[in-house]
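Predicted model only: the values in this text are computed from it and were never measured. Quick note on labels: first sequence line is chain A, next is B, and so on, each numbered from 1.
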2 protein chains.
Amino acid sequence: MESIDKVKGTFGRGPASRMQKEDEVPLAIIRRLPRYHRFLGELLRAGTLRISSAELSRLMGVTASQIRADFNRFGGFGQQGYGYNVKYLHSKLGELLGITEDYRAVIVGAGNLGRALATSHMFKRRGVTPVALFDNDNSVIGQSIGGIPVLDVATLPEYLKSEKIDIGVLTVPKDSARDVCDTLARGGVLGIWNFASSELDGIQGVVIENVHLGDSLLQLTYAMRTGAGGDGADE
Amino acid sequence: MESIDKVKGTFGRGPASRMQKEDEVPLAIIRRLPRYHRFLGELLRAGTLRISSAELSRLMGVTASQIRADFNRFGGFGQQGYGYNVKYLHSKLGELLGITEDYRAVIVGAGNLGRALATSHMFKRRGVTPVALFDNDNSVIGQSIGGIPVLDVATLPEYLKSEKIDIGVLTVPKDSARDVCDTLARGGVLGIWNFASSELDGIQGVVIENVHLGDSLLQLTYAMRTGAGGDGADE
DNA sequence: AATAGGATATGAAAAAAATCACAAAGGCAA
DNA sequence: TTGCCTTTGTGATTTTTTTCATATCCTATT
């Protein structure tokens, strides 16, 4: 019954799994990964060395079974009788999420939101380096915000040719979102983080993450009206 | 074409429905409602009078069955052979989501993010009126941002006693989040929209919506790394 | 070195969510 | 008004996700 040749570590999953077909990770799990990573990070900073699924369950308001099942989807990071090593698990989750990649980003739109993002630790903590802001307002072009230069958005296309940029952050008004998005895509970015309220998608080879703060606000008012969601556990 | 008056609306569900138990709306559906509302709003502004689930399906990248099933959960807003009346559906969804309630909000934290929210149309479009900003920085206290006065956060408790405030928006640094959250709760707000990276919850009688932009960024980098999520359809 | 106790990994079961498929309702045209 | 055509509403079905239950493996103790 023992692990005859179970190479588990590197890649293969359990014994009876079909080896064909790429095993896609359910979106439901992916959405939980950043939250795990965040909590693990806090535990790490607090100096916690190890944690059991039961303890993490109490902390996060998620069932222990789900925690184990989730981690297991990626090969199992724990050890029977011990639990999970916080540092190891945190770093493994970080790898999965790509924070070890050191992506370079530009922020298009130097309004309040763009500035807020540029000056936060949002990016650096996650392996993303914001290298430039772009705007069309002459009164801000040439400034430096949080050490990041503000350039003329008209120069964005050529900028993207000369610099390798992985991520474009869109904090422009709705109307210009589509245009800038296309420019970024043509410029070769791999992903776009879109805060404009227009929903972008369907661009070949570019991953787009649409953020809709308004939707989040409506979820709040819905919950307030119905009294539901009092737990607040979830995003 | 306007035979929408069909009284069906009020409450009753289909003919053969068990009347057992209060039917709680699955979280999965609730999370989709704001997006439906958003798309319907755009159709409305574009002057579209009616739409079928099939058409909306194409537009939103969601199956038509799901659309029908979702709307049906709330009693069915459509009509066979006709589809959905855009204006009617939009307003019904709005009601469900609480945009007709005219909530009053305060924003605590007048940094870039607080300012960005205060000056956006985020709130007004959703029936929420931001009435004041609060901060502890003397250089901004007394100013007016987007027509909203910035007050001293030390006066927040008494302010909440004299004014009826429904929603508190937290755009303060992580460390002060918990304190301000408690102050807001004691002051009687019904909901808290939390942008601080610390996760708040478990306050009796207060609904909390935690926004974690960092999690969203990690979802993007995950997708970039794995090539998954190229559709970009979902938030 | 042997054993007790603890906690993961994991297949099986249950629950939840999405999809299907079609009867029935109602629009629309002649 | 009739009858065809469109499209919803909805029970049944399938798929996905979560939870359960326990064998297995590891730590810790004596």
Participant: Among the candidates dT7(D), dC20(D), dC26(D), find the nucleotide nearest to the side-chain atoms of Q80(B).
Facilitator: dT7(D)

Participant: Could you tell me the separation between the CD atom of Q66(B) and the P atom of dT14(D), rounded to a whole number of Å?
Facilitator: 19 Å

Participant: Using whole Å, what does the distance between atom P of nucleotide dA16(C) and atom CG of D70(B) come to?
Facilitator: 17 Å

Participant: Testing the basics here: between P130(A) and I107(A), what is the closest heavy-atom pair and its distance to 0.1 Å?
Facilitator: CB-CD1, 4.3 Å

Participant: Taking the nucleotide of DNA chain C with the closest heavy atom to each, which residue, A69(A) or Y82(A), is nearer the 5' end?
Facilitator: Y82(A)

Participant: Find the distance L27(B):CG to dT18(D):P and express it as a whole number of Å.
Facilitator: 11 Å

Participant: By the 4.0 Å heavy-atom rule, please label T63(A) as base, sugar-phosphate, or nothing.
Facilitator: sugar-phosphate

Participant: Of the listed nucleotides (dT27(D), dC22(C), dT10(C)), which one gets closest to any side-chain atom of R68(B)?
Facilitator: dC22(C)

Participant: Check every atom of dT8(C), dG27(C), dA18(C) against the side chain of R32(B) and return the nucleotide holding the closest atom.
Facilitator: dA18(C)

Participant: Calculate the interatomic distance between R73(B) atom CZ and dA18(C) atom P; express it in whole Å.
Facilitator: 10 Å

Participant: In whole angstrom, give the distance that lies between atom CD1 of I29(A) and atom C1' of dT16(D).
Facilitator: 11 Å

Participant: OP1 or OP2 of dA18(C) versus the side-chain N and O atoms of S65(B): is any pair under 4.0 Å?
Facilitator: no

Participant: Taking only N and O in the side chain of Y84(A), is any of them less than 4.0 Å away from OP1 or OP2 of dC26(D)?
Facilitator: no

Participant: Starting from C1' on dG27(C), measure out to CG on N85(B) and report it in whole angstrom.
Facilitator: 14 Å

Participant: From the set dT27(D), dT19(C), dT19(D), return the single nucleotide nearest to any side-chain atom of R50(A).
Facilitator: dT27(D)

Participant: Both S52(B) and G81(A) contact DNA chain D. Which one's nearest nucleotide lies toward the 5' end?
Facilitator: S52(B)

Participant: Working to the nearest 0.5 angstrom, can you tell me the gap between L96(B) CG and F74(B) CZ?
Facilitator: 5.0 Å

Participant: So what does F71(B) touch, heavy atoms closer than 4.0 Å: a base, only the sugar-phosphate, or nothing?
Facilitator: nothing

Participant: Figure out the CZ/P separation between F77(A) and dA9(C), and round it to whole Å.
Facilitator: 9 Å

Participant: If you round to the nearest 0.5 Å, how far is CZ of R125(A) from CZ of R38(A)?
Facilitator: 11.5 Å

Participant: Dump the intermediate steps for side-chain contact (heavy atoms from CB on, under 4.5 Å) on V62(A) and F39(A), then the final yes or no.
Facilitator: CA-CA 12 Å; V62(A) 176; F39(A) 272 83; over 6 Å; no

Participant: What is the distance from CD1 of I67(A) to P of dC20(D), rounded to the nearest Å?
Facilitator: 13 Å

Participant: By nearest atom, which of the nucleotides dT8(C), dT8(D), dT10(D) is closest to the N72(B) side chain?
Facilitator: dT10(D)

Participant: State whether E55(B) and R58(B) are salt-bridged, where the test is any N-O pair (Lys NZ or Arg NE/NH1/NH2 against Asp/Glu carboxylate O) under 4.0 Å.
Facilitator: no

